[in-house]
Protein chains: 2
Amino acid sequence: MNEKPLSESTEMYLKALAELSAREPVAVARLAERLGVTPVSANEMVHRLDEQGLVSHKPYKGVALTKKGREIASDVLRRQRLWECFLFDHLNIEWAQIYEFACSLEHATAPEVTEALAVFLNHPKTCPRGNPIPEQDGSFEPLNGAPLSEAEVGSVVTALAVNATATDVLKYLQERNILPGREIEIVEAAPMRGPLTLRVEGKEVVLGLSLAEFVIVK
Amino acid sequence: MNEKPLSESTEMYLKALAELSAREPVAVARLAERLGVTPVSANEMVHRLDEQGLVSHKPYKGVALTKKGREIASDVLRRQRLWECFLFDHLNIEWAQIYEFACSLEHATAPEVTEALAVFLNHPKTCPRGNPIPEQDGSFEPLNGAPLSEAEVGSVVTALAVNATATDVLKYLQERNILPGREIEIVEAAPMRGPLTLRVEGKEVVLGLSLAEFVIVK
DNA sequence: GTTGATAATAAGGTCAGCCATAATATTATT
DNA sequence: AATAATATTATGGCTGACCTTATTATCAAC
Ligand SMILES: [Mn+2]
Ligand SMILES: [Mn+2]
Ligand SMILES: [Mn+2]
Ligand SMILES: [Mn+2]
């Protein structure tokens with residue numbers, strides 16, 4: 001039933017697509033940006049993935065995961081987030097680093113190891129970055145929230161998840177206490193898509209809008 | 001101090017060299033065999049490793065690790081054997097499979113993760129296959145034993161380690177109870193390098209000499 | 001509709017690690 | 001010393017995943 005092992009690159013493209021959009025097509029340029037690759041390279045790779053039936057690319061309309069591709073992406077996310085739990089809860093690795101480390105381990109993890117890890121961790125529902133961990137069948141409840149960048153001024157919201165992946169960005173947010181579970185008051189939004197002023201844990205914090213997009217709140 | 005990340009292939013060549021011989025040069029052909037690669041390919045790779053100063057190749061005399069290469073190999077072995085401990089002791093993965101799974105994880109493990117894992121496991125000294133786990137500085141006490149294939153008929157020995165790597169070989173030995181810690185009586189050795197007849201856990205077992213070479217006993 | 005931005009293709013390269021086949025070189029044995 | 005086995009090198013190829021620099025399509029906005 002399960003095919004030959006996929007390359008790390010393939011798994012990362014599929015995962016990036018899953019993270020960028022639940023279902024709507026993603027522009028190849030956005031995918032390229034996310035993966036730190038030129039648009040031409042991403043285009044080539046998307047073609048290869050299309051030929052393998054993992055992705056469907058309609059020129060000028062974007063790329064979307066096929067059912068097969070979505071299943072694999074879910075599986076990669078499952079591995080990644082289970083490892084994040086282990087690294088954070090059991091190895092006491094710094095929160096800002098767990099994504100990076102888990103992102104390496106995820107590609108080196110056999111199905112037996114994934115499932116044994118899930119048992120060891122007692123089947124956690126979310127990872128320390130706040131994202132849901134897909135079940136073995138690929139199902140999971142999507143987060144029911146919106147980016148902090150779209151929250152109304154004056155409101156008080158709760159951070160659900162932090163979707164940044166770069167370690168330095170995560171460190172920056174961690175230092176400002178913008179972490180899953182924290183209450184955040186939106187004090188002010190500068191005009192012309194300027195930065196937000198927030199109050200978190202009693203302290204005022206100024207946060208650029210592009211960073212605020214990574215923070216999912218309710 | 002630590003350089004750019006090495007490829008999985010590079011790490012595997014270095015590890016194979018460390019496993020094949022503590023210090024004496026190894027024939028390129030043996031290395032090729034161990035890695036499942038043609039001798040020509042191994043030769044090319046050995047050249048690249050030589051240029052990087054990880055290995056020293058004297059044509060017709062074999063390859064040996066340099067100090068730098070040996071340090072890296074020790075580090076890979078450390079990662080591998082720590083993962084073996086985790087997989088066996090905490091994830092309850094079948095003994096015969098832990099090598100294979102750890103052999104993937106070892107290349108995806110950052111130094112911080114390695115050390116945190118060592119702490120989590122309480123700094124184990126040996127892995128479930130019986131081999132010593134190198135310290136952070138690369139030091140470890142080599143096993144003081146000899147291959148079962150060289151044990152005297154009539155003697156009773158204790159298995160110290162099983163150095164096989166192929167899962168099917170490990171499974172074969174596991175099924176016959178040839179595991180670290182077990183007492184083994186050498187009942188008979190067939191002539192012309194024929195198989196050994198052993199008594200393990202009360203049962204008689206016939207074991208080919210080439211398999212017996214994998215078992216280190218005292 | 002024309003135009004400017006964006007997306008996609010085409011074309012030609014690089015690099016690591018593999019492969020096969022053929023030619024040499026060395027070592028070991030007789 | 002000749003010879004057979006083994007090791008090494010020389011060539012030439014391949015694949016996946018990247019790159020740069022054009023060129024060409026398409027879409028969206030005026
Ligand atoms: Mn990854
Ligand atoms: Mn390995
Ligand atoms: Mn081309
Ligand atoms: Mn060549």
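What you see is a predicted model, and the numbers here were worked out from it, not measured in a lab. Chain identifiers are assigned alphabetically (A, B, ...) following the order of the sequence lines, protein sequences preceding nucleic acid strands; residue numbering begins at 1 within each chain.
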Going by the rule side-chain contact (heavy atoms from CB on, under 4.5 Å), which residues pair with B/Val206 if we only count those two or more places apart in sequence or in a different chain? B/Pro195, B/Thr197
Residues forming a side-chain contact (heavy atoms from CB on, under 4.5 Å) with A/Ala73, sequence neighbours excluded: A/Leu14, A/Ala18, A/Leu65
Would you be so kind as to tabulate the donor-acceptor pairs closer than 3.5 Å made by side chains of residues 130-139 of chain B, with sequence neighbours excluded?
{"from": "B/Asn131", "atom 1": "ND2", "to": "B/Asn163", "atom 2": "OD1", "distance (Å)": "3.1"}
{"from": "B/Asp137", "atom 1": "OD1", "to": "B/Ser139", "atom 2": "N", "distance (Å)": "2.8"}
{"from": "B/Asp137", "atom 1": "OD1", "to": "B/Ser139", "atom 2": "OG", "distance (Å)": "2.7"}

side-chain contact (heavy atoms from CB on, under 4.5 Å) with B/Tyr60: which residues, sequence neighbours excluded? none
At a cut-off of 3.5 Å, list every protein nitrogen or oxygen paired with a nitrogen or oxygen from nucleotides 14-18 of chain D, distance to 0.1 Å.
{"from": "D/dA17", "atom 1": "OP1", "to": "A/Ser7", "atom 2": "OG", "distance (Å)": "2.5"}
{"from": "D/dC18", "atom 1": "OP1", "to": "A/Ser9", "atom 2": "OG", "distance (Å)": "3.0"}
{"from": "D/dC18", "atom 1": "OP2", "to": "A/Tyr13", "atom 2": "OH", "distance (Å)": "3.4"}
{"from": "D/dC18", "atom 1": "N4", "to": "A/Glu44", "atom 2": "OE1", "distance (Å)": "3.3"}

Can you measure A/Arg30 atom CZ to C/dA7 atom C1' for me and round it to whole angstrom units? 16 Å
How many Å lie between CG on B/Asp50 and P on C/dA16, as a whole number? 16 Å
Got a sec, which pairs hit salt bridge (charged side-chain N to carboxylate O under 4.0 Å, His left out) with one end in residues 98-112 of chain B, sequence neighbours left out? B/Lys15-B/Glu106
Which word best sums up how the rings of B/Trp83 and A/Trp83 line up, parallel for under 30°, tilted for 30 to 60°, or perpendicular for over 60°? perpendicular
Pairs where residues 23-41 of chain B contributes a residue and the test side chain to side chain donor-acceptor pair (under 3.5 Å) is met, not counting sequence neighbours: B/Glu19-B/Arg34, B/Thr38-B/Ser41
Any protein N or O atoms within reach of nucleotides 5-10 of chain D? Criterion: under 3.5 Å, listing atom names and distances.
{"from": "D/dT8", "atom 1": "OP1", "to": "B/His57", "atom 2": "NE2", "distance (Å)": "2.9"}
{"from": "D/dT8", "atom 1": "OP1", "to": "B/Tyr60", "atom 2": "N", "distance (Å)": "3.0"}
{"from": "D/dT9", "atom 1": "OP2", "to": "B/Asn43", "atom 2": "OD1", "distance (Å)": "3.0"}
{"from": "D/dT9", "atom 1": "OP2", "to": "B/His47", "atom 2": "NE2", "distance (Å)": "2.9"}

Donor-acceptor pairs under 3.5 angstrom involving side-chain atoms of residues 43-57 of chain B: please list them, not counting sequence neighbours.
{"from": "B/His47", "atom 1": "ND1", "to": "B/Asn43", "atom 2": "O", "distance (Å)": "3.4"}
{"from": "B/Asp50", "atom 1": "OD2", "to": "B/His57", "atom 2": "N", "distance (Å)": "3.0"}

